[in-house]
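We use all heavy atoms of the structure for the numbers below, so side chains are in, but hydrogens, waters and symmetry mates are not. For this chain, numbers begin at 1 and follow the sequence in order.
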Amino acid sequence: MKLAVITYQDRGSYAVEAVPDEDQLLSLLLDQLNISYRFEVWSDNSVNWKQYDALLLKSPWDYFDYFEDFKGWCQNIQDLGIPVWNDLNTVLWNSDKKYLLDIKKAGLGIVSTTWIAKGSMTVLEDIIQASDEQQQFVIKPAISGGSKNTLKFHVSEWGAIQSQISEWIQQEAYLLQPFVPEIAEIGEYSYIFFNGEFSHALVKKASAGEFRVQHFFGGTIHPFEPSLEELTQIKTYVDTFAQDTLYARVDGVWRAGEFLLMELELIEPYLFLFTHPKALENYKSALQKRLV
């Protein structure tokens, strides 16, 4: 098998020294499995994709910055009939966070989410007008990553930020969610699965005064061992919406014993392979089942 590992052009945009480079860790695992591979930038038009037997999406971290181009690339790969992990139909569904509403319709818990269509401020303004001045919200693009154009605000600040948000919404669709206090008080939980089986879990805690938990915003990472009851609830998301995926990361918070999903990461999640002694071996075994 000849494998292309998919990355992006500017690898410095979303990476920091606080965590290991998982491309290097993946290289180590593929070498151990004697897999012939090469890292390829998805947006590089000079690549002859026909030479590859399969593609592994690892770090196309700028896909949302060039989404129309990314959709075109996905269509090209599908037309060529090249197997991809994760499957590109799953990837395209997962690329628009409106998928959260699909998960809600299935009866699974999510953080309350309102979809704001591109160019439409009416729904957003109605929600703001009906809310107490102390209510806090988070708004973010429906197609995004790395907390791009993500803003937390009090309703009392609406007058000062309305123009900026209106400008954003003229460009693309957005999601509005109430601010989740558990993020600041406890952190965001992440559960990583390989081939549908649980591997490891961690809590990402935001730095003081920050609400974004990503490590490039100063967030810290804390491994933990979830209970069987927790995993039973979490695995329902994977079984329902991430079947036949090589990797899946389930992110969210717990409230009164109920898990509320914030994101189901099926495109290019950082897998936190360094946080658990069995994580690398779990990923290696999953790769072996797919590739060898």
Side-chain angles (χ1 to χ4, degrees), residues 6-8 13-14 42-43 55 57-79 84-124 127 137-152 165-178 180 188 190 193 212-214 236-253 259-270:
I6 306 303
T7 184
Y8 73 116
S13 296
Y14 303 101
W42 70 267
S43 56
L55 276 57
L57 286 179
K58 179 59 191 77
S59 48
W61 287 343
D62 62 349
Y63 77 90
F64 51 84
D65 290 326
Y66 311 99
F67 189 61
E68 290 303 315
D69 292 337
F70 182 71
K71 285 198 299 182
W73 176 79
C74 290
Q75 184 62 61
N76 179 46
I77 297 301
Q78 288 178 317
D79 290 345
V84 184
W85 295 289
N86 286 334
D87 176 77
L88 290 179
N89 287 327
T90 298
V91 165
L92 289 170
W93 171 80
N94 193 234
S95 64
D96 188 334
K97 292 180 178 61
K98 194 177 180 181
Y99 72 77
L100 288 169
L101 303 183
D102 294 336
I103 293 176
K104 180 181 180 181
K105 288 179 182 177
L108 300 178
I110 67 167
V111 171
S112 179
T113 300
T114 302
W115 183 70
I116 310 296
K118 176 182 176 181
S120 175
M121 286 281 288
T122 303
V123 173
L124 177 56
I127 293 173
F137 288 99
V138 173
I139 191 166
K140 55 188 172 184
I143 299 173
S144 67
S147 290
K148 176 183 177 181
N149 286 359
T150 297
L151 179 66
K152 178 175 76 110
I165 291 178
S166 178
E167 182 178 328
W168 283 349
I169 290 176
Q170 294 307 311
Q171 303 301 316
E172 58 186 322
Y174 270 72
L175 299 181
L176 182 72
Q177 298 172 325
V180 179
E188 179 182 280
S190 288
F193 290 75
R212 295 165 294 190
V213 298
Q214 290 91 343
T236 305
Y237 293 86
V238 177
D239 291 344
T240 307
F241 289 97
Q243 291 184 1
D244 197 32
T245 54
L246 169 63
Y247 52 78
R249 200 182 80 203
V250 185
D251 292 347
V253 297
F259 186 76
L260 300 179
L261 182 75
M262 299 192 70
E263 291 194 37
L264 179 61
E265 299 275 10
L266 305 176
I267 302 177
E268 32 60 271
Y270 192 85

Are Phe241 and Tyr99 close enough that their ring centres sit under 6.0 Å apart? no
Distance col, row Asn149:CG vs Gln171:CD, nearest 0.5 angstrom, shows 10.0 Å
State, without any angle test, whether Glu268 and Ser59 hold a side-chain donor-acceptor pair at a distance under 3.5 Å. no
Are Ile165 and Tyr174 packed together at the side-chain level, in the sense that at least one heavy-atom pair is separated by less than 4.5 angstrom? no
What are the two closest non-hydrogen atoms of Ser190 and Asp251, and how far apart are they? OG-OD1, 2.6 Å
Is any side-chain heavy atom of Leu108 less than 4.5 Å from a side-chain heavy atom of Leu261? no
Ignoring hydrogens, what is the shortest heavy-atom contact between Ser144 and Pro141? Give both atom names and the distance. OG-O, 3.1 Å
Among Glu265, Glu188, Glu263, whose salt bridge (Lys or Arg N to Asp or Glu O under 4.0 Å) with Arg249 holds? Glu265
Would you say Asp87's side chain and Thr245's backbone share a donor-acceptor pair under 3.5 angstrom? no
What I'd like to find out is whether the side chain of Phe137 reaches to under 4.5 Å of the side chain of Ile127, using heavy atoms alone. yes
Ignoring hydrogens and geometry beyond distance, is a side-chain donor-acceptor pair present between Asp62 and Trp42 at under 3.5 Å? yes
Measuring from atom NZ of Lys148 to atom OG1 of Thr150, what distance do you get when rounded to the nearest 0.5 angstrom? 10.0 Å
Quick one: are Val138 and Met262 in side-chain contact, heavy atoms under 4.5 Å? no
Measure across Ala242 and Ala248 and return the closest heavy-atom pair with its distance rounded to 0.1 Å. CB-CB, 4.2 Å
Are more than 12 heavy atoms, taken from residues, nucleotides or ligands other than Tyr66, located less than 6.0 Å from that residue's OH atom? no
Is any side-chain heavy atom of Leu57 closer than 4.5 Å to one of Leu88? yes
From OH (Tyr247) to CG (Leu266), nearest 0.5 Å: 8.0 Å
Write down the atom of Leu246, the atom of Asn86, and the distance for their closest heavy-atom approach. N-OD1, 2.7 Å
Can you tell me how far SG of Cys74 sits from CG of Leu55, rounded to the nearest 0.5 angstrom? 10.0 Å
Ring centroid separation Trp73 to Tyr63 under 6.0 Å: no
Residue pair Leu124, Ile139: steps toward the side chain to side chain contact (heavy atoms under 4.5 Å, CB included) verdict: CA-CA 10 Å; Leu124 177 56; Ile139 191 166; 4.0 Å; yes
Between Trp115 and Leu175, is there a side-chain heavy-atom distance shorter than 4.5 Å? yes
Using 0.5 Å steps for rounding, measure from the CZ atom of Phe193 to the CG atom of Leu264. 10.0 Å
Rounded to the nearest 0.5 Å, how far does CD1 of Ile116 lie from NZ of Lys140? 13.0 Å
